[in-house]
Amino acid sequence: MAWRRLARCRPLVFACIALLGACSTSAGDPGAVSDAAKAGGANEHGLARLRNPLEGDARAIAAGRDLFAGKACASCHGADARGGMCPSLVDRAWVYGDDDTTLYHLIREGSAGMRAHGYVRGGAAKAVGDMPPLGSAVSEQEAWQLLAWIRAHAAAESTGTR
Ligand code: HEC
């Protein structure tokens, strides 16, 4: 089963990297983060602890929902984020962890970025391949909007109040 998921996801990963590579020259530092998101201190990987400044914000959640479709997240994770070809974002199983610090860096720097920070894949979520680095397509603010929507959506999914 695992190899099937990998085989289905991988071409998309490559296509996406190729696509993003074309415009990555305009990218700033994808690991950069504003002071507003810093929660103080550092995690075990030496990354500044982050807290989503837009968590629970209704406008950010709505913007994040649109970005999820517009930034190609949905093409890998499914329109409702339930997974499809790549991991579900609503199943409470996380590859590297569920905290804002981890997910922010994963979205902007991809799986390779996580490895560079010393993260290793955990066993909880199904491993299907690498997520591409999306920092050249997704700004810091957009990453927080996306995470605000993912959190709200996952909470609604798990309680059936969607
Ligand atoms: C080319 C396919 C692809 C695209 C596009 C993509 N992802 Fe991913 N995503 C993945 C894969 C594969 C993983 C698992 C990474 C790993 O195991 O290293 C992942 C992991 C994640 C995770 C952690 C999931 C978990 O269970 O731990 C989040 C959150 C996430 N992606 C959000 C996003 C967002 C937001 C976008 C759009 C900006 C996006 N992804 C675009 C393939 C993709």
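Keep in mind the model is a prediction, meaning the values are calculated, not measured. For ligands, and for the atoms within them, numbers begin at 1 and follow the listed sequence. Atoms considered below: every heavy atom in the structure, side chains included; atoms not considered: hydrogens, waters and symmetry mates.
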With Arg115 via side chain to side chain donor-acceptor pair (under 3.5 Å) - residues at least two apart:
Asp130
Using non-hydrogen atoms of the residue, decide whether Ser88 is closer than 4.0 angstrom to ligand 1.
yes
Presence of N, O or S from His77 under 2.8 Å of atom 8 (Fe) of ligand 1
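Of the N, O and S atoms in His77, at least one lies under 2.8 Å from atom 8 (Fe) of ligand 1, which means yes.
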Min N/O separation [X] to ligand 1 under 3.5 Å:
X	answer
Arg121	yes
Lys71	no
Tyr96	yes
Pro87	no

Show the atoms of ligand 1 that are less than 4.0 angstrom away from any heavy atom in [X].
X	result
Cys86	12 (C), 42 (C)
Asp130	12 (C)
Leu134	36 (C), 37 (C), 38 (C), 39 (C), 41 (C)
Ser111	15 (C), 16 (C), 18 (O)
Pro132	1 (C), 3 (C)
Val138	38 (C)
Ala72	5 (C)

What part of [X] sits under 4.0 Å from ligand 1 if we count only heavy atoms: the side chain, the backbone, both or neither?
X	result
Ile107	side chain
Ala93	backbone
Leu89	side chain
Leu106	side chain

Closest to atom 38 (C) of ligand 1 (judged by heavy-atom distance), picking from Gly129, Cys73, Ala143
Cys73
Taking the basic N atoms (NZ, or NE/NH1/NH2) and the acidic carboxylate oxygens, is any pair closer than 4.0 Å for Asp98 and Arg151?
no
Could you check whether Arg82 pairs with Glu157 (Lys NZ or Arg NE/NH1/NH2 to Asp/Glu carboxylate O, under 4.0 Å)?
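Salt bridge flag = yes for Glu157 with Arg82.
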Considering non-hydrogen atoms only, spot the tightest contact between [X] and [Y] and give its length.
X	Y	answer
Met114	His105	SD-C, 3.7 Å
Asp80	His153	O-NE2, 2.6 Å
Asp100	Leu147	O-CD1, 4.4 Å
Met131	Leu106	CE-O, 3.9 Å
Thr102	Gly97	CG2-O, 3.9 Å

Does the pair Arg108 and Glu140 meet the rule for a side chain to side chain contact (heavy atoms under 4.5 Å, CB included), with working shown?
CA-CA 8 Å; Arg108 300 208 67 212; Glu140 178 187 348; 4.3 Å; yes
One pair to check against side chain to side chain contact (heavy atoms under 4.5 Å, CB included): Glu109 and His117. What are the steps and the verdict?
CA-CA 10 Å; Glu109 299 170 65; His117 290 305; 2.8 Å; yes
In terms of the angle between their ring planes, are Tyr119 and His45 parallel, tilted or perpendicular, with boundaries placed at 30° and 60°?
parallel
